[in-house]
Amino acid sequence: MKRWVQRMGEAALIAVLLVSCLKSGFYFTVDMYPVWIGYGLLCFLAGTFALMLRVITRSEKGAFPEAAFSLPEFMLLVSPFLLMTVYAMHWLLGSLSVQGSVNQLLRWGLYGLFAVSAFVIARRQGGRAVLAAAWHTAGGLLCVSALLSVYGILQLPYAIAHTENPGISATGARLAGLLEYPNTFGMLMAAFLLERLFALPGSYRHKEPAGMIRLLRGALPLLPYAAALLLSESRGAWLAAAVALAAGLAMERRRSLAPLLLAAAPLAGAALLYRQLASAMLAPQPWPGLLTLAGVWAGSMLAGLGLYRLAQSGVAAGLRRLAWAAGCILAAAGAAAVFLAAQERIVRNFSTVSARGAIYRDAWRLFWHSPWFGQGGETWRLSYRAVQSNPYVGSQVHSGYLDMLLNTGIIGTVFLFMLLGAAGWLLYHSRRELLPVLAVFVLHSAADIDWSFGFVWLLMFLLVAWGHSFNAAVPDQTLQVQTGMEVSAEKRHFGLSRIMSPVSHRPILLILFWLGVSGGGVFLALRGEAGYRLHQEALYKPSKAEAVMLLQSSLQWNPADAGTALDLARRLSPKAAEVVLQRSLSYTPGHPGLIFALADNAAKRGDARAAAYWTEAGFSRDKYNAGEQTKSLERLLRLAKSKLSAGNVKEARRIVQAGLALYNDYAHRASDHRGALLRNDRDFRMTREAKEWGSQLARLEQSIPDPTE
């Protein structure tokens with residue numbers, strides 16, 4: 001029974017990783033709900049089984065052997081749950097978005113369950129093979145599916161991002177794969193590529209035929225990973241990979257770099273493929289293209305093998321030096337080919353870099369609004385329109401560290417660095433060859449949205465658990481008890497004392513905590529999934545009454561969903577819609593869409609004071625929304641005319657004055673071109689309609705008699 005539960009857990013871990021690949025890397029939290037329900041239930045049942053086993057064992061033997069964790073292990077495994085607790089406190093105490101905080105709570109809960117499961121597997125005999133299989137299967141799925149989409153074999157709608165903007169792509173097309181985002185896809189390809197590169201020197205000791213086969217098998221994925229990395233055209237991923245590669249080579253102490261010579265030819269072949277596919281805008285003829293891929297792949301592997309054999313043979317030193325020179329020339333030629341193809345983007349077009357600079361400056365100012373504890377999940381998404389210094393489009397802050405600072409403040413960021421530091425420590429003392437891979441994750445996420453993809457976190461925890469399995473694998477615990485065997489504390493815990501002693505109440509508390517996290521997460525995921533499904537069903541209902549009923553049911557399951565509230569409000573009478581919008585705003589204070597909807601609702605109800613208040617609030621929460629601000633001016637003008645025709649001169653004059661004040665503020669921002677010249681993705685300008693409404697408001701003000709005269 002115990003073995004069956006273990007096998008189920010291993011299969012579930014791999015399944016979660018692969019499903020996250022297929023679901024856009026878990027970028028959208030709604031994609032995580034079904035997985036949370038299934039995986040969370042399995043974790044809950046496993047915890048229940050462990051609790052029952054604990055009770056039975058204690059009743060029969062009075063004791064139960066338990067594993068001990070080193071301090072770095074404990075820090076790594078507890079960090080996700082600490083961050084989950086921070087978001088739970090934001091949810092309970094109030095935040096900018098209850099929905100955002102709950103989503104982040106669910107995310108970190110899932111990461112924590114996954115991390116613990118991976119480390120438990122790492123401690124079992126055979127666990128290393130399971131974790132290695134999960135890693136290579138995920139990498140193969142991402143890479144092969146992306147390349148097959150390039151050659152037209154797989155139809156993935158968003159696997160290739162096309163653009164005419166030279167600041168985004170030098171060739172007009174970028175490979176995004178299943179993640180549908182080229183930068184993070186490129187980062188992951190760099191991580192898988194570096195893992196294979198630094199695994200090659202480990203085969204150097206195996207000079208027998210089996211060792212050579214192992215070396216070739218390890219080098220086989222180099223070309224597809226490198227080609228996919230280049231086709232992503234992610235400068236950040238290229239830079240992160242280069243820095244991590246240089247650091248890894250500098251850290252290599254065994255000086256057995258000869259197997260890396262085998263990689264020179266596949267990397268040069270990948271550069272050749274990149275030039276060919278980029279010139280075709282990632283749309284080559286399928287079968288000729290596949291033949292070219294196969295030919296370049298086979299030829300580069302044979303060339304790399306020939307150089308390696310020559311460098312390792314007992315021939316004259318001159319021939320060995322020639323082999324190394326040929327390898328260096330191949331690597332340099334590949335780098336030059338890539339540089340010449342993407343030269344415009346590499347050395348000239350830095351518009352995305354300048355946009356990130358503006359985002360970082362605005363995010364840093366926002367951080368000081370709540371530096372210690374942050375403002376909860378999705379802080380930047382809800383706040384950036386109010387704080388942005390120019391009208392860029394950027395619902396993501398494009399820095400994992402800044403995003404964590406905004407969401408959880410200094411406290412949560414300390415937990416994050418504790419997690420990353422523990423991960424680095426564990427890999428350094430168990431599998432140093434994997435440190436460059438971790439470095440790619442850590443470096444690239446500083447300037448992009450990698451950590452918004454749940455798959456990236458799952459892969460990071462898998463990487464650390466896999467590396468740690470080289471030191472953590474121990475004989476079965478039951479066997480230890482029966483034979484009195486003890487594993488070296490120095491080997492398993494790196495000289496650090498155990499932080500979990502065999503005290504009877506601690507395992508019970510940990511199991512109860514595990515049950516609480518998994519059970520609570522399943523409950524929240526069920527509510528989220530039910531609300532989302534009802535919302536989606538309502539959008540396709542032709543009957544307004546049926547759609548309203550479904551949307552109301554959706555809000556009962558998930559009352560914090562602002563999108564559902566907005567869709568429901570559009571289908572209700574103004575008075576009923578106001579109640580829905582106000583309730584939704586209590587869950588998401590400062591939501592621009594809700595505020596503008598309340599302004600429109602107040603105008604429909606004829607509530608002049610509320611219309612002016614919500615319109616002004618909307619202007620302040622979304623400074624560069626020309627469309628909404630134009631509509632707001634029109635609403636105020638119509639409301640003022642309505643009040644004037646009803647004989648309410650005083651109210652009409654108040655509305656006109658409020659409208660003119662907002663119009664002047666709008667005109668002032670639209671005339672300030674300093675920021676717009678830097679970045680104006682939102683096309684913020686003074687619209688022709690807004691000028692007309694402003695002129696009519698001015699004329700209306702002049703026509704209304706002043707009560708003081």
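Worth saying up front: this structure is predicted, and the values here are computed from it rather than measured.
R621 contributes a side-chain N or O that, together with a main-chain N or O of L382, makes up a donor-acceptor pair within less than 3.5 Å. At distances below 3.5 Å, not a single donor-acceptor pair connects side-chain atoms of T137 with backbone N or O atoms of A134. H429 places no side-chain N or O within donor-acceptor distance of the main-chain N or O of N471, the cut-off being under 3.5 Å. A donor-acceptor pair is defined here as one N or O able to donate and one able to accept, closer than 3.5 Å; such a pair exists between the side chain of S445 and the backbone of V442. No donor-acceptor pair under 3.5 Å is formed between the side chain of D450 and the backbone N or O of F441. Looking at S584, its side chain never comes within 3.5 Å of a backbone N or O of L581 through a donor-acceptor pair. Counting only distance, with no hydrogens or angles, the side chain of S399 and the backbone of A447 share no donor-acceptor pair below 3.5 Å. W36 places a side-chain N or O within 3.5 Å of a backbone atom of L106 that can act as its donor or acceptor partner. Put simply, the side chain of R381 never gets that close to the backbone of V397: no donor and acceptor are under 3.5 Å apart. Side-chain N or O atoms of R527 include none that pairs as donor or acceptor with a backbone N or O of N558 at under 3.5 Å.
Within the 4.5 Å cutoff, the side chain of F461 has heavy atoms near those of the P80 side chain. Side-chain contact between S554 and W557 is absent, with no heavy-atom pair separated by less than 4.5 Å. Under the 4.5 Å side-chain criterion, counting only non-hydrogen atoms from C-beta, D448 is in contact with Y181. Here the side chains of T588 and V98 are not in contact, with every heavy-atom distance at 4.5 Å or above. When side chains are defined from C-beta on, Y27 counts as touching Q396, because their heavy atoms get closer than 4.5 Å. Side-chain contact check for M418 versus L82: some heavy-atom pair is nearer than 4.5 Å. A heavy-atom distance below 4.5 Å is found between the side chains of L113 and S518. A heavy-atom distance below 4.5 Å is found between the side chains of E73 and L426.
Judged as a salt bridge (charged side-chain N to carboxylate O under 4.0 Å, His left out), not a single pair has a partner in residues 86-112 (not counting sequence neighbours).
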Next on the checklist: Checking M89 against F373 for the side chain to side chain contact (heavy atoms under 4.5 Å, CB included) test, could you report, in this order, the C-alpha distance in whole Å, the side-chain angles of both residues, the deciding distance, and whether it holds?
Outcome noted: CA-CA 10 Å; M89 294 177 67; F373 197 54; 3.7 Å; yes

Checklist entry - side chain to side chain contact (heavy atoms under 4.5 Å, CB included) between L141 and L178: does it pass, once the steps are laid out? => result CA-CA 9 Å; L141 176 61; L178 289 169; 4.2 Å; yes

Checklist entry - Step by step, would you call D403 with W451 a side chain to side chain contact (heavy atoms under 4.5 Å, CB included)? => result CA-CA 9 Å; D403 194 45; W451 288 348; over 6 Å; no

Checklist entry - Yes or no on side chain to side chain contact (heavy atoms under 4.5 Å, CB included) for F114 and L17, after CA distance, side-chain angles and deciding distance? => result CA-CA 9 Å; F114 186 91; L17 199 66; 4.1 Å; yes

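Taking CG of L551 as the reference point, atom CG of L539 lies at 7.0 Å (rounded to 0.5 Å). Between the CG atom of D567 and the CG atom of L572 there is a distance of 11.0 Å, given to the nearest 0.5 Å. Here CG of L110 is found 6.0 Å from CG of L458. Values are rounded to the nearest 0.5 Å. We find the CG-CG distance between L13 and L18 to be 9.5 Å, quoted to the nearest 0.5 Å. L459 contributes atom CG, which lies 4.5 Å from atom CZ of F192 (distance to the nearest 0.5 angstrom). We find the CD-OG1 distance between Q104 and T29 to be 6.5 Å, quoted to the nearest 0.5 Å.
Ring geometry, H468 versus F119: the interplanar angle falls from 30° to 60°, so the pair is classed tilted.
Here the two rings, on Y111 and W108, have centers that are under 6.0 Å apart. Between F417 and Y401, the distance from one ring center to the other falls under 6.0 angstrom. Residues H136 and W466 bring their aromatic ring centres within 6.0 Å. Aromatic ring centroids of W364 and F367 lie under 6.0 Å apart. Aromatic pair F26/F455: ring centres not closer than 6.0 Å.
S469 approaches R128 most closely through the heavy-atom pair OG-CG, 3.3 Å. L566 and A597 get closest at one heavy-atom pair: CD2-CB, 3.7 Å. The minimum heavy-atom distance between E378 and N407, with the atom names listed, is N-OD1, 3.7 Å. Contact between D561 and T564 at its shortest, heavy atoms only, is OD2-OG1, 3.1 Å. Nearest heavy-atom pair across L131 and A122 is CD1-CB, 3.8 Å. L96 approaches P589 most closely through the heavy-atom pair O-CD, 3.3 Å.
Within a 6.0 Å sphere centred on CH2 of W135, other residues, nucleotides and ligands contribute more than 12 heavy atoms. Within 6.0 Å of the OH atom in Y158, the count of heavy atoms belonging to other residues, nucleotides or ligands does not exceed 12.
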Less than 3.5 Å apart, which donor and acceptor atoms pair up between the side chains of residues 38-49 and the rest of the protein, not counting sequence neighbours?
from	atom 1	to	atom 2	distance (Å)
Y39	OH	S117	OG	3.0
T48	OG1	F44	O	2.9

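For the residue pair S383 and Q375, no side-chain donor N or O sits within less than 3.5 Å of a side-chain acceptor on the partner.
Looking at R533 and E537, no side-chain N of the basic residue comes within less than 4.0 Å of a carboxylate O on the acidic one, giving no salt bridge.
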